[in-house]
K.L.:
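Following this message is one structure expressed as structure tokens.
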Amino acid sequence: MSRPRDDRQDDLFGPLLEEIINLRHPLVRLAAEMDWEFLAGRFGSVCRVGPGQPPLPTRLVAGLFILKHMHNLSDEALSERWVENPYFQYFCGEVVFQHAAPFDRSSLTRWRQRLGEEQIAALLQESLSVAHRTGAIESKDLERVVVDTTVQEKAIAHPTDARLTHRAIEKLVALAKREGVELRQSYLRVAKRAAIMVGRYTHAHQFKRARRELKFLRTRLGRIIRDIRRKIEGDSALEDRFGPLLDLAVRVRHQEQRQRGPKVYSLHAPEVECIGKGKARAPYEFGCKVSIATPATAPKGGQFVLHAKALHGNPYDGHTLGPAIADLEKLTGVAVRRVHGDKGYRGHNYPDQFKVWINGQVRRVTKAIRREMRRRAAVEPVIGHLKDDHRMRRNYLKGRDGDRINAVLAAAGFNFSLLLRWLEELLRVLLLILRTGLPPPRLASSGLQKHSSRSTQNSR
């Protein structure tokens with residue numbers, strides 16, 4: 001794979017984007033503030049010189065990732081909207097208006113797989129750099145942080161034993177048909193009826209009949225597993241092809257409702273974990289845990305996300321604090337002086353325990369620390385916005401790598417949305433200064449103070 005295309009030939013007959021768009025638009029100003037060379041260096045590091053078509057320009061890929069999670073768009077919706085929106089094209093580095101997208105929807109999938117979490121974290125780092133350069137956040141805001149965890153749910157159906165068993169039968173029969181393995185019997189028709197009857201009997205509280213139908217399903221799944229193993233025995237290619245699905249099917253057949261240890265909750269996403277956060281409306285959520293860090297202060301530009309990382313294995317919250325703060329300091333380059341967390345972080349593994357303040361703590365609490373502790377709840381609306389507005393509610397990306405990538409992209413999209421609002425407010429203050437002729441320092445400070453109070457109210 002060769003280097004990305006950085007210079008494309010301009011269309012002499014196409015309209016220039018600078019003649020179409022408003023150059024005072026916040027997205028245009030954000031494009032001017034960003035260090036695209038830094039992102040090009042990080043994204044271009046995964047490209048190797050070789051034969052084949054050169055990949056997409058790194059600015060185009062970075063801009064697409066930012067726009068996707070900033071506006072909560074799917075890959076298909078982003079491709080359609082990019083063609084219609086000249087501001088999107090200008091932000092991604094286009095010079096003339098494009099009537100057709102130079103990329104395919106699947107290009108975003110391949111770039112996500114190629115980059116990984118380590119390279120995509122450059123978008124989150126750049127969002128904080130732009131916020132610092134534009135005055136939306138200061139260095140002192142990075143020294144005092146609030147850390148909390150949430151659950152990033154996977155896009156799977158609610159797991160039940162009957163549904164998983166029936167799905168395993170369907171997938172095994174379909175794979176055998178594709179590979180040319182002739183089964184003695186598929187049981188598709190009777191298995192579908194049994195799965196339906198399990199739900200009906202359970203709804204009617206006829207649990208003995210429901211267990212009988214579930215046993216019927218498991219018996220048929222066992223027959224299909226043994227039949228496939230007899231047919232593919234001795235064929236190494238077929239054994240490799242059927243091996244992962246057969247292992248999952250065996251685990252689904254033998255797992256019980258109340259057994260301890262790891263279980264299979266989805267055949268297409270076996271990495272999903274069952275996490276209980278103590279919520280009355282959702283006792284159990286299926287996905288992975290995500291650690292989120294925000295400033296404990298009230299930055300002028302809003303509550304930016306300083307760190308976001310998906311954590312697999314359903315770890316205890318206190319055991320995630322040490323690695324999370326280490327990654328945060330590496331990302332921002334600023335040493336953390338105080339860390340605030342809820343009572344779930346009691347017994348944490350952070351080396352300097354005197355820097356960590358747990359909600360409800362009484363000893364060693366001064367007035368300044370008490371004010372910061374009251375700001376601990378500011379992370380809760382940030383988590384809500386990440387889920388509802390920036391694609392962390394349901395993760396559609398595949399595998400554990402997809403979990404980690406989606407968490408970082410959601411945090412970067414949230415930060416860039418705050419930056420758009422911040423740049424728009426700065427432009428409004430500047431136009432007000434030019435219109436009224438008042439002294440710039442006093443009016444600018446009052447405008448920023450008003451924006452700060454508004455962003456604080458929104459975060460609460």
Side-chain angles (χ1 to χ4, degrees), residues 151-179 181-203 206-233 238-276 282-289 312-314 394-403:
V151 178
Q152 177 182 242
E153 295 186 78
K154 201 77 169 184
I156 65 170
H158 185 77
T160 62
D161 291 335
R163 179 182 287 118
L164 288 173
T165 307
H166 179 228
R167 187 62 182 152
I169 293 174
E170 289 183 332
K171 292 179 74 70
L172 283 174
V173 171
L175 181 59
K177 185 177 181 180
R178 286 197 303 268
E179 298 297 331
V181 177
E182 185 177 354
L183 299 178
R184 186 176 59 180
Q185 191 171 349
S186 67
Y187 302 106
L188 287 179
R189 181 178 57 84
V190 294
K192 180 179 179 180
R193 183 186 181 280
I196 294 174
M197 296 308 297
V198 170
R200 290 181 178 178
Y201 286 143
T202 304
H203 180 71
Q206 299 177 5
F207 299 111
K208 185 178 294 185
R209 291 180 175 178
R211 285 194 295 268
R212 185 172 65 241
E213 296 294 337
L214 179 59
K215 182 180 179 181
F216 178 87
L217 276 172
R218 287 174 173 169
T219 302
R220 269 59 189 175
L221 176 60
R223 290 183 182 180
I224 292 176
I225 292 174
R226 293 189 295 272
D227 192 13
I228 291 178
R229 283 178 173 174
R230 286 193 298 267
K231 298 293 178 58
I232 67 175
E233 186 177 3
L238 288 179
E239 288 178 351
D240 294 339
R241 186 70 181 89
F242 279 89
L245 185 56
L246 283 175
D247 294 339
L248 288 176
V250 171
R251 290 177 58 187
V252 167
R253 180 173 180 266
H254 293 288
Q255 68 184 10
E256 298 293 338
Q257 181 181 4
R258 303 186 184 279
Q259 76 175 31
R260 300 185 64 87
K263 296 175 64 177
V264 178
Y265 298 102
S266 174
L267 291 173
H268 75 273
E271 72 278 358
V272 167
E273 302 152 1
C274 180
I275 303 174
Y284 300 102
E285 296 172 292
F286 300 94
C288 69
K289 190 172 288 188
H312 294 93
N314 193 9
R394 287 176 69 86
N395 177 27
Y396 295 90
L397 304 185
K398 184 179 179 180
R400 295 193 171 188
D401 292 336
D403 295 336

K.L.:
Take a 6.0 Å sphere around CD of Gln259 and say whether it holds more than 12 heavy atoms from other residues, nucleotides or ligands.
P.N.:
yes
K.L.:
What distance separates Glu285 CD from Glu153 CD, expressed to the nearest 0.5 Å?
P.N.:
4.5 Å
K.L.:
For the residue pair Tyr265 and Phe286, does the interplanar ring angle fall in the parallel (under 30°), tilted (30 to 60°) or perpendicular (over 60°) class?
P.N.:
tilted
K.L.:
Spell out, as yes or no, whether a donor-acceptor pair under 3.5 Å connects the side chain of Gln152 to the backbone of Asn395.
P.N.:
no
K.L.:
Measure the shortest side-chain to side-chain distance between Arg211 and Lys208 over non-hydrogen atoms and say whether it is less than 4.5 angstrom.
P.N.:
yes
K.L.:
With a 4.5 Å heavy-atom cut-off, do Met197 and Phe216 have their side chains touching?
P.N.:
no
K.L.:
NE2/His268 to CG/Leu248 distance, rounded to the nearest 0.5 angstrom?
P.N.:
12.0 Å
K.L.:
Write down the atom of Ile224, the atom of Ser186, and the distance for their closest heavy-atom approach.
P.N.:
CD1-O, 3.4 Å
K.L.:
Using a 6.0 Å cut-off, check whether atom CZ of Arg189 has over 12 heavy atoms from anything other than its own residue.
P.N.:
no
K.L.:
So, the side chain of Lys154 versus the backbone of Asp403: is there a donor-acceptor pair under 3.5 Å, distance only?
P.N.:
no
K.L.:
Nearest heavy-atom pair of Ala191 and Ile169: which atoms, and what distance?
P.N.:
CB-CD1, 3.9 Å
K.L.:
Within the 4.5 Å heavy-atom criterion, are Lys192 and Ile196 side-chain neighbours or not?
P.N.:
yes
K.L.:
When you compare the side chain of Gln185 with that of Arg223, does any pair of heavy atoms fall below 4.5 Å?
P.N.:
no
K.L.:
Does CZ in Arg193 sit with more than 12 non-hydrogen atoms of other residues, nucleotides or ligands closer than 6.0 Å?
P.N.:
no
K.L.:
Return the OG1 to OH distance between Thr219 and Tyr187, rounded to the nearest 0.5 Å.
P.N.:
9.5 Å
K.L.:
Rounded to the nearest 0.5 Å, how far does CD of Gln257 lie from NZ of Lys263?
P.N.:
6.5 Å
K.L.:
Quick check: closest heavy atoms across Ala269 and Ile156, and the distance to 0.1 Å?
P.N.:
CB-CG2, 4.2 Å
K.L.:
Mind checking the CD-NZ spacing from Glu271 to Lys398? Nearest 0.5 Å is all I need.
P.N.:
9.0 Å
K.L.:
Would you name the heavy atoms of Ala249 and Ile225 that are closest together and state the gap between them?
P.N.:
CB-CD1, 3.8 Å
K.L.:
Hey, is the main chain of Val198 close enough, under 3.5 Å, to the side chain of Glu213 for a donor-acceptor pair?
P.N.:
no
K.L.:
Under 3.5 Å, side chain of Glu273 to main-chain N/O of Asn314, donor-acceptor pair present?
P.N.:
yes
K.L.:
If you take all heavy atoms of Val264 and Leu164, which pair is closest and at what distance?
P.N.:
O-CD1, 3.2 Å
K.L.:
Grab the two heavy atoms, one from Asp227 and one from Arg184, that are nearest each other, plus how far apart they are.
P.N.:
OD2-N, 2.8 Å
K.L.:
Taking atom NE2 of His203 as the centre, report whether more than 12 heavy atoms of other residues, nucleotides or ligands fall under 6.0 Å from it.
P.N.:
no
K.L.:
Quick check: does any side chain N or O of Lys231 sit under 3.5 Å from a backbone N or O of Glu182, one acting as donor and the other as acceptor?
P.N.:
yes
K.L.:
Can any side-chain N or O of Arg163 pair as donor or acceptor with the backbone N or O of His158 at less than 3.5 Å?
P.N.:
yes
K.L.:
Can you find a pair of side-chain heavy atoms, one from Phe207 and one from Thr202, that are under 4.5 Å apart?
P.N.:
yes
K.L.:
Quick check: do Arg253 and Thr165 have side-chain heavy atoms less than 4.5 Å from each other?
P.N.:
no
K.L.:
Are any non-hydrogen side-chain atoms of Arg229 and Arg226 less than 4.5 angstrom apart?
P.N.:
no
K.L.:
Could you tell me the separation between the CZ atom of Arg220 and the NZ atom of Lys215, rounded to the nearest 0.5 Å?
P.N.:
10.5 Å
K.L.:
What I'd like to find out is whether the side chain of Leu246 reaches to under 4.5 Å of the side chain of Leu172, using heavy atoms alone.
P.N.:
yes
